[in-house]
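All remarks here apply to the structure that follows.
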Amino acid sequence: MKKYFSYIKIVLVVLLLVFIIADVSLDQSSSADIKTVAAQVAKAAEVDVDAAAEERMVKRFYGLNPKDYEGAVLYAPKDNMDVNEIFIVKLKDELQAKSVEEAIQKRLDTQMKSFEGYGAEQTALLKAHVLEVRGNYIFYMVGEKAGKTQKAFLESL
């Protein structure tokens, strides 16, 4: 009987170790500075690093307060007919991801409705958007270089 309990203990310890290793390896949080990430993304997108929009634009476009996050950088469209946009958020807590994703989806839906019926080029870019959630970072981009820029984003983390 004692031998039986010894086997159970060994199995439980092995299972515990497997869960610990799996949990640690799944943590994709990054300690990368958001300014560094934004600079790499801007370079890949061929956007001026200093062209980031002010905090009030984040509030206007997404309804989010940048001060609620560790950092938020927005490269906004240059005019009302432009949909090229990059939004990067570094979360304080990964639980914030859902609300940020919802805000991005709401922005995307608004843009799609705005260009519905007459902005074929803009609509195509909006449909081809990239939304990447990686640990404590969220990356959203609408633009022709979205794939290349997403790769730069992932490499910068």
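What you see is a predicted model, and the numbers here were worked out from it, not measured in a lab. The first residue in the sequence is number 1, and the count goes up from there.
Taking both residues in full, the closest heavy atoms of A76 and F61 are given as CB-CE2, 3.6 Å, listed atom of the first, atom of the second, then distance. The minimum heavy-atom distance linking A146 with M141 is given by the pair CA-SD, 3.7 Å. Here the closest non-hydrogen pair linking Y69 and S99 is OH-OG, 4.1 Å. Across all non-hydrogen atoms, the minimal contact from L125 to G143 is CD2-C, 3.8 Å. The two residues L126 and F115 make their nearest non-hydrogen contact at CD1-CD1, 4.0 Å. In terms of heavy atoms, N84 sits closest to E144 at OD1-N, 3.9 Å.
Atom-to-atom distance recorded for L74:CG and R60:CZ is 10.5 Å, nearest 0.5 angstrom. Separating the CG atom in L154 from the CD atom in Q40 is a distance of 12.5 Å, to the nearest 0.5 Å. In this structure, NE2 in H129 is found 6.0 Å from OH in Y140, a value given to the nearest 0.5 Å. For the atom pair NZ of K98 and CG of L91, the computed distance is 14.5 Å after rounding to the nearest 0.5 Å. Between the OG atom of S114 and the CG atom of D109 there is a distance of 10.5 Å, given to the nearest 0.5 Å. Once rounded to the nearest 0.5 Å, the distance linking CG of L64 with CZ of R107 reads 11.5 Å.
At a threshold of 4.5 Å between side-chain heavy atoms, the hydrophobic network of Ile, Leu, Val, Met, Phe, Trp and Tyr places L108 and Y118 in one connected group. One hydrophobic cluster holds both F87 and M112 under the rule that ILVMFWY side chains link at heavy-atom gaps under 4.5 Å.
In this structure, F153 and L157 have side chains that are in contact, with non-hydrogen atoms separated by less than 4.5 Å. Side-chain contact between K106 and E102: absent, with no pair of heavy atoms (C-beta onward) separated by less than 4.5 Å. Taking 4.5 Å as the limit, some side-chain heavy atom of P66 sits within range of a side-chain heavy atom of V58.
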Which donor-acceptor pairs under 3.5 Å do the side chains of residues 130-139 make with protein atoms, sequence neighbours left out?
from	atom 1	to	atom 2	distance (Å)
E132	OE1	Q150	NE2	2.5
E132	OE2	R134	NH2	3.1
N136	OD1	S30	N	2.7
N136	ND2	S30	O	3.0
Y137	OH	A32	O	2.5
Y137	OH	I34	N	3.3

Cut-off 3.5 Å, no hydrogens considered: what does the side-chain donor-acceptor table look like for residues 42-57, sequence neighbours left out?
from	atom 1	to	atom 2	distance (Å)
E46	OE1	K145	NZ	3.4
D48	OD1	D50	N	3.2
E54	OE1	R56	NE	3.1

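A donor-acceptor pair shorter than 3.5 Å can be found between the side chains of S29 and E94.
The backbone N or O of D82 sits nowhere less than 3.5 Å from a side-chain atom of Q122 that would complete a donor-acceptor pair. Of the possible donor and acceptor atoms, none in the side chain of D93 sits under 3.5 Å from a partner among the backbone N and O of Q96.
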> Could you walk me through whether K92 and D68 pass the side-chain contact (heavy atoms from CB on, under 4.5 Å) check?
Replying inline: CA-CA 8 Å; K92 286 182 180 176; D68 292 342; 5.9 Å; no

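Every side chain to side chain donor-acceptor pair (under 3.5 Å) that E70 has, sequence neighbours left out, goes to K90.
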